[in-house]
Amino acid sequence: MDKTRKVLIIIPAYNESESIEQVIGRITAHQQVSQSADCELRYDYLIVNDGSTDSTLKICKEKQYQYLDLPINLGIGGAVQAGYVYASKNDYDIAVQIDGDGQHDIAYLEDLLRPLISEEADVVIGSRFLRKEGFQSSLARRTGGRMISRLIRLTTGKKIYDVTSGYRAVNRKFIDIYSKDYPTDFPEPEAIVTAVMYKGKVMEVPVQMKAREGGKSSITFQKSIYYMIKVTLAILVCRLSYGVRRAKD
């Protein structure tokens, strides 16, 4: 083993009282059996309570979970970025994003970490669509995801199949970048573009996901329409602004 790597599992949570205990239970059980042939991995987790109005914060306190309590709801992007700021300030080598609703299977964690440890990738995305196994989300979301995937390929040259997956891992370079530069609403596709613009190596690995175990998705039909418009514009602006910066340099 060449060295110990500190891994922070970031869990953004907004009204996840129905599932957060199961999520932490699985992470804790996984920590006890996880190992790597290449290096020693030291895992920590951090729940980022994003201004929940249910009993999520109460559960975190009663169970003595490791958590960060945001005073107001920042949205998924703000909550995840808060986790990256924490990871950067505490010198973590790798940060992993896992949703608080139970959709992401911790059993695939080492699959995400392996390309980072071997330095094959800077950002690794757990993809539902490489093998098309497990929960695949709704037809409408898959259709929207394919459209955004084509846009990302058009603007960056990078083909990513599961552009909306929130199951991701990044190395120290992108912990620092995302702690300073991370999109706000519906951040996953735009964060891919950010990674490519910063010359990051982005890779997908196959995973299986589950339907959410409790609570309700924050993305309604109306928000889905807004999502498509906002993400499309954000990707185009991100790509254009990068081109302007390069021209100035």
Side-chain angles (χ1 to χ4, degrees), residues 4-34 36 40-110 112-113 116-117 122-126 165-184 187-188 191 212-215 218:
T4 300
R5 283 180 171 83
K6 292 173 59 180
V7 180
L8 180 67
I9 301 171
I10 301 168
I11 310 161
Y14 176 68
N15 292 346
E16 300 292 4
S17 60
E18 295 180 23
S19 56
I20 196 66
E21 290 183 66
Q22 293 91 331
V23 170
I24 298 304
R26 291 177 192 134
I27 289 174
T28 303
H30 187 81
Q31 287 174 320
Q32 295 172 355
V33 300
S34 177
S36 170
E40 181 180 349
L41 301 174
R42 200 191 90 191
Y43 292 105
D44 295 316
Y45 70 82
L46 179 72
I47 300 168
V48 183
N49 179 50
D50 189 23
S52 296
T53 57
D54 67 354
S55 57
T56 298
L57 179 59
K58 179 181 178 183
I59 292 170
C60 289
K61 290 179 177 179
E62 289 179 349
K63 298 291 183 178
Q64 297 185 329
Y65 291 153
Q66 299 167 54
Y67 71 92
L68 177 66
D69 184 36
L70 303 182
I72 59 172
N73 177 256
L74 295 181
I76 182 66
V80 170
Q81 187 173 23
Y84 280 123
V85 170
Y86 181 93
S88 180
K89 289 183 178 296
N90 289 278
D91 297 319
Y92 282 90
D93 300 295
I94 295 172
V96 182
Q97 298 172 220
I98 289 183
D99 286 354
D101 58 13
Q103 285 190 297
H104 299 154
D105 191 341
I106 195 68
Y108 291 95
L109 178 58
E110 276 67 43
L112 270 71
L113 299 185
L116 300 176
I117 294 168
D122 300 300
V123 177
V124 181
I125 300 169
S165 171
Y167 196 4
R168 302 182 176 197
V170 309
N171 61 13
R172 192 182 206 103
K173 172 184 175 181
F174 276 90
I175 288 174
D176 292 337
I177 288 171
Y178 283 157
S179 71
K180 301 177 182 72
D181 184 4
Y182 199 79
T184 50
E188 292 87 2
R212 63 183 297 125
E213 294 183 331
S218 61

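Computed from a predicted model, the values in this text were never measured in an experiment.
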For residues 76-89, the salt bridge (Lys or Arg N to Asp or Glu O under 4.0 Å) pairs (sequence neighbours left out) are none
Hey, are the side chains of V96 and Y167 touching, using non-hydrogen atoms and a 4.5 Å cut-off?
yes
Review point. Given side chains that start at C-beta, do those of D181 and Q81 come closer than 4.5 Å, heavy atoms only?
Key: no
Just checking K173: does its NZ atom have more than 12 heavy atoms from other residues, nucleotides or ligands closer to it than 6.0 angstrom? yes
Those residues at least two apart in sequence (or on a different chain) that pass salt bridge (Lys or Arg N to Asp or Glu O under 4.0 Å) with D44 are R42
- How about L112 and I94: do any of their side-chain heavy atoms sit closer than 4.5 Å? no
Under 3.5 Å donor-acceptor pairs involving side-chain atoms of residues 66-79, not counting sequence neighbours:
from: D69; atom 1: OD1; to: N49; atom 2: ND2; distance (Å): 2.8
from: N73; atom 1: ND2; to: D50; atom 2: O; distance (Å): 2.9
from: N73; atom 1: ND2; to: D50; atom 2: OD2; distance (Å): 2.9

query = Are I47 and I24 close enough that some pair of their side-chain heavy atoms sits under 4.5 Å apart?
reply = yes
side-chain hydrogen bond (donor to acceptor under 3.5 Å, both in side chains) filter on Y84, not counting sequence neighbours, yields Q97
Those residues at least two apart in sequence (or on a different chain) that pass side-chain contact (heavy atoms from CB on, under 4.5 Å) with D105 are A107, Y108, K210
D99 meets the side-chain hydrogen bond (donor to acceptor under 3.5 Å, both in side chains) criterion, sequence neighbours left out, with none
Within a strict 4.5 Å, meaning less than it, do heavy atoms of the L46 and Y92 side chains meet? no
Distance col, row L113:CG vs Y43:OH, nearest 0.5 angstrom, shows 5.0 Å
Taken to the nearest 0.5 Å, the spacing of S88 OG from L8 CG works out to 11.0 Å
side-chain contact (heavy atoms from CB on, under 4.5 Å) filter on D54, not counting sequence neighbours, yields N15, S17, S52, T56
Nearest heavy-atom approach of G126 to S165 is O-OG, 2.6 Å
Do I175 and V170 have side chains that approach each other closer than 4.5 Å (heavy atoms only, starting at C-beta)? yes
Notebook entry, point to check: Are the side chain of Y178 and the backbone of A191 linked by a donor-acceptor contact shorter than 3.5 Å?
Noted result: yes
*So does D93 pair up with K6, basic N to acidic O under 4.0 Å?*
no
Residue set satisfying salt bridge (Lys or Arg N to Asp or Glu O under 4.0 Å) with K63, at least two apart, ordered chain then number -> E21
**Prompt:** Can you find a pair of side-chain heavy atoms, one from I117 and one from L41, that are under 4.5 Å apart?
**Reply:** yes
Checklist entry - Any side-chain heavy atom of L109 within less than 4.5 Å of one from I9? => result yes
Item checked: Exam field: side chain D176 to backbone S179, donor-acceptor pair closer than 3.5 Å -> no
Interatomic distance, CG@N171 vs CG@D122, rounded to 0.5 Å, equals 4.5 Å
Value for CZ (R172) from CG (D91), rounded to nearest 0.5 Å, stands at 5.0 Å
*Assess whether side-chain contact (heavy atoms from CB on, under 4.5 Å) is satisfied between E110 and H30, documenting all intermediate values.*
CA-CA 10 Å; E110 276 67 43; H30 187 81; 2.8 Å; yes
